[in-house]
Amino acid sequence: MTVTTRPRASPRVSPCPQDFRVVVRIDSWESTSVYPNGHFVRVLGRIGDLEAEIATILVENSISVVPFSEAQMCEMPVNTPENPWKVNPEDERERRDLRKTHLVFSIDPKGCEDVDDTLSVRTLHNGNLELGVHIADVTHFVAPNSYIDIEARTRATTYYLADRRYDMLPSVLSADLCSLLGGVDRYAVSVMWELDKTSYEIKKVWYGRTIIRSAYKLFYEAAQELLDGNVSIVDDIPEFRNLDEKSREARLKELVWAIGKLTDIARHVRAKRDRCGALELEGVEVRVQLDEKKNIHDLIPKQPLEVHETVAECMILANHWVAKKIWESFPHQALMRQHPPPHQEFFSELRECAKAKGFVIDTRSNKTLADSLDKANDPNDPIVNRLLRSMATQAMSNALYFSTGSCAEEEFHHYGLALDKYTHFTSPIRRYSDIIVHRLLMAAISKDKKMEIKENLFSNKDLEELCRHINNRNRAAQHSQKQSTELFQCMYFKDKDPETEERCISDGVIYSIRTNGVLVFIPRFGIKGAAYLKNKDGLVISCGADSRSEWKPGSLQRFQNKITSTTTEGASVTFHLFDHVTVRISVQASRCHSDTIRLEIISNKPYMIPDTECFQQSALLLKSELVKEVTRSVEEAQLAQEVQVNVIQEDYQKYCQTKGRSLYLLLEEIRDLALLDVSNSSGV
């Protein structure tokens, strides 16, 4: 566990390094004492320092980010200018070669290095279409039970924080040989469907190992511009820069057709799932944008684009068909993903909130829920639908990995996607579950061909144990990502004076009523939090004729969709669900825990800005400034601490703190590995 150390009152006690975050190990806890017994393990860093706070998040979530070992790296292929990696002639004979027959390209976020997936679409000789999803063939380079396989299994996932990531696999794979970059030969595992040329109904499907050469590494915004007909964006696509006019025009026409056709197919696939009750849910996703030197350039909310949906539908389709394939071949030991239906009582708050706006949310099935959410639109306030979808998301059960031998077939269903069978196949660079699924798919192909199954498959018992481990690591990844985003938000607002700084004032929307306050969503920063209407002194909020709030003696009365604050003088103010209010943002410091965002309602009226366009521009500017401000403050703090380096070094020596891998870390790794029965993992 991590603790925060502060100066001790008694000089006779030898203190831990003061104002540092440290790791301690709890050894025992006597029943007669309110305090546990433990020992100091190591220093993480000074409180408030960005790297120390990130290290704290990692420790709290049991995330190990030690470098890959020499033994693990020795298993990796070589790809250097002096010794470049090449396609093996034997592999070339065994794989389907798509390099000259298919236009393959990827669509990813800007700056993406770990390109798991690429797409292709073409017209066949019979007039039908062929849709292809091509996924990095990670299992070609990661042998079962090898050192790197055991390490990837332990990590289970790549951890994405607000400003960085910690890879599941070494960069020679994740950012190079298993990344489907443009203009280079790569091994892939492909799923290709023949579709009817007009109805897009699936005629047949093929699974297998391939060799591809991606023609374009597109980013989402560029693909969307091409889809919208804005061809001037090609100037931002590197693959078009050195082409002559004729070649440029021909290749552009081919690419625009492919993106348009993929989108048409995706619309058809999505419509089919919609008819079965697929849900479109809402989450607040903030992405940190890095520059070429890996410095933080901007913090931007993810803007929904149709091309996002296009790529997602193709991936969902591939995952669904691979799930069916591996289950047919190995009905009792296939790794799949289930999303159980949520408990109806979890929807009670969603139904009440929607009722406040005159909407009826039918939660009897995923189909009725999806239809209800589509109809719950307030033309005067689009935030309402976003918040309702967000509340529906929070009511959901978590999707989990499982072994098919441990569940009845009727429990396989994925509620959110409205699919009877689903797995994860499309991201083996960053998810160990997908590596297992790739091995199952290869074994299924071998079984169909009546060939010897070379892949080492897990038994149902071992696979179920592994699924529990992966589910646990996924929860840690999600929690750490959320914590890191909150950390950046706190570090930005921490040095601002909330009383005088205009940037600390923003518009908020009330989305839940509580006994002593309300929950507020701030679209400008993607922040959700509580705003109290009664303070610690027992005073309640009051709003005068100018709508400004102040604290006065009084009481609160909560109703189903509103809460009323009444002062002893008789003045009252009522806050309703989905009211827009003006909120002051500050940071609530904690002696022992992480800082948190504090929200205070300062007016019961919306935060007014004269020019909406100026608001949008300033909001984008603020997001950029938020990250720049945090990084600048961190740099200044690091410079200020350089004079204390000798003191800190003495602390390390005094408490035997090692700079390399500590015994504590090694023991933690051994403990994690002990949870996995590696010796029997090859059993069928």
Side-chain angles (χ1 to χ4, degrees), residues 62-64 69 71-72 75 137-158 168-169 189 319 322-340 398-409 411-412 414 421-448 451-477 667-684:
S62 301
I63 297 173
S64 174
S69 70
Q72 292 160 359
E75 295 177 342
D137 189 0
V138 173
T139 57
H140 174 83
F141 300 98
V142 179
N145 292 327
S146 60
Y147 290 122
I148 197 61
D149 181 56
I150 294 171
E151 177 65 23
R153 191 186 313 169
T154 303
R155 298 189 182 201
T157 183
T158 290
M168 184 183 76
L169 295 170
V189 177
N319 288 333
V322 168
K324 293 200 296 184
K325 180 65 177 177
I326 62 175
W327 176 76
E328 288 168 1
S329 298
F330 307 104
H332 302 297
Q333 58 188 119
L335 185 150
M336 288 171 56
R337 192 161 174 82
Q338 63 183 171
H339 185 209
N398 289 324
L400 298 169
Y401 297 109
F402 71 101
S403 172
T404 51
S406 300
C407 290
E409 188 178 348
E411 297 176 14
F412 293 2
H414 196 292
K421 294 177 181 66
Y422 193 70
T423 192
H424 273 164
F425 157 77
T426 54
S427 294
I429 291 177
R430 58 185 178 89
R431 293 189 303 231
Y432 191 75
S433 56
D434 300 51
I435 290 179
I436 297 298
V437 169
H438 275 235
R439 289 173 181 157
L440 283 163
L441 180 60
M442 292 302 104
I445 293 170
S446 297
K447 188 176 181 181
D448 286 349
M451 296 169 58
E452 178 187 358
I453 297 177
K454 299 178 181 178
E455 289 72 18
N456 295 317
L457 303 182
F458 284 89
S459 66
N460 173 59
K461 179 183 176 182
D462 293 335
L463 185 58
E464 189 61 26
E465 181 66 30
L466 177 59
C467 287
R468 279 194 288 269
H469 169 69
I470 296 174
N471 290 332
N472 174 276
R473 292 294 80 210
N474 280 348
R475 283 190 290 270
L667 291 173
E668 282 291 286
E669 289 183 19
I670 292 170
R671 183 183 66 84
D672 287 340
L673 285 173
L675 298 175
L676 302 174
D677 188 1
V678 177
S679 61
N680 294 325
S681 60
S682 60
V684 178

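As the structure is a computational prediction, the values presented were derived from the model and not from experiment.
- Residues I435 and M168 meet the side-chain proximity criterion, which asks for heavy atoms closer than 4.5 Å.
- Sorted by first and then second residue, the salt bridge (Lys or Arg N to Asp or Glu O under 4.0 Å) pairs involving residues 325-336 (not counting sequence neighbours) are K325-D448.
- Scanning all heavy atoms of the two residues, the minimum distance from E75 to Y147 falls at OE2-N, 2.9 Å.
- Put simply, the side chain of L335 reaches to within 4.5 Å of the side chain of C467, judged on heavy atoms.
- Contact between I429 and T158 at its shortest, heavy atoms only, is O-OG1, 4.0 Å.
- A salt bridge does not link E465 to K461: none of the charged nitrogens lies less than 4.0 Å from a carboxylate oxygen.
- Looking only at atom types and distance, the side chain of Y401 has no donor-acceptor partner in the side chain of N471 under 3.5 Å away.
- Between the Q333 side chain and the F330 main chain, no donor and acceptor come within less than 3.5 Å of each other.
- Counting heavy atoms from C-beta outward, L463 and I436 have side chains that approach closer than 4.5 Å.
- Side chain of D137 to main chain of V189: no donor-acceptor pair is present (N/O by atom type, distance under 3.5 Å, no hydrogens or angles).
- Put simply, the side chain of T404 gets close to the backbone of P331: a donor and an acceptor are under 3.5 Å apart.
- Here the shortest heavy-atom pairing between Q338 and C407 reads NE2-SG, 4.1 Å.
- Counting heavy atoms from C-beta on, the side chains of Y432 and L466 come closer than 4.5 Å.
- Looking at every heavy atom in both residues, N460 comes nearest to S406 through OD1-OG, 3.2 Å.
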ask   = Passes side chain to side chain contact (heavy atoms under 4.5 Å, CB included), I470 versus T157? Steps please.
value = CA-CA 8 Å; I470 296 174; T157 183; over 6 Å; no

message = V437 vs I326, test: side chain to side chain contact (heavy atoms under 4.5 Å, CB included). Steps then yes/no.
response = CA-CA 8 Å; V437 169; I326 62 175; 4.2 Å; yes

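- Identified under the salt bridge (Lys or Arg N to Asp or Glu O under 4.0 Å) test for residues 422-440, with sequence neighbours left out: D116-R430, D149-R439, R431-D434.
- Looking only at distances, no side-chain donor or acceptor of Q72 sits under 3.5 Å from a matching main-chain atom of E151.
- Evaluated for a side-chain contact (heavy atoms from CB on, under 4.5 Å) with P144, the options I150, N456, L457 yield exactly one hit, N456.
- Counting only heavy atoms from C-beta outward, the side chains of H438 and M442 never approach each other to under 4.5 Å.
- Among all heavy-atom pairs drawn from A476 and I63, the shortest one is O-CD1, 4.2 Å.
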ask   = What do the steps show when you test H332 against S459 for side chain to side chain contact (heavy atoms under 4.5 Å, CB included), and what is the final call?
value = CA-CA 8 Å; H332 302 297; S459 66; over 6 Å; no

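- S329 places no side-chain N or O within donor-acceptor distance of the main-chain N or O of L441, the cut-off being under 3.5 Å.
- Remark: side-chain polar atoms of H469 are paired, donor with acceptor, to backbone N or O of R153 under 3.5 angstrom.
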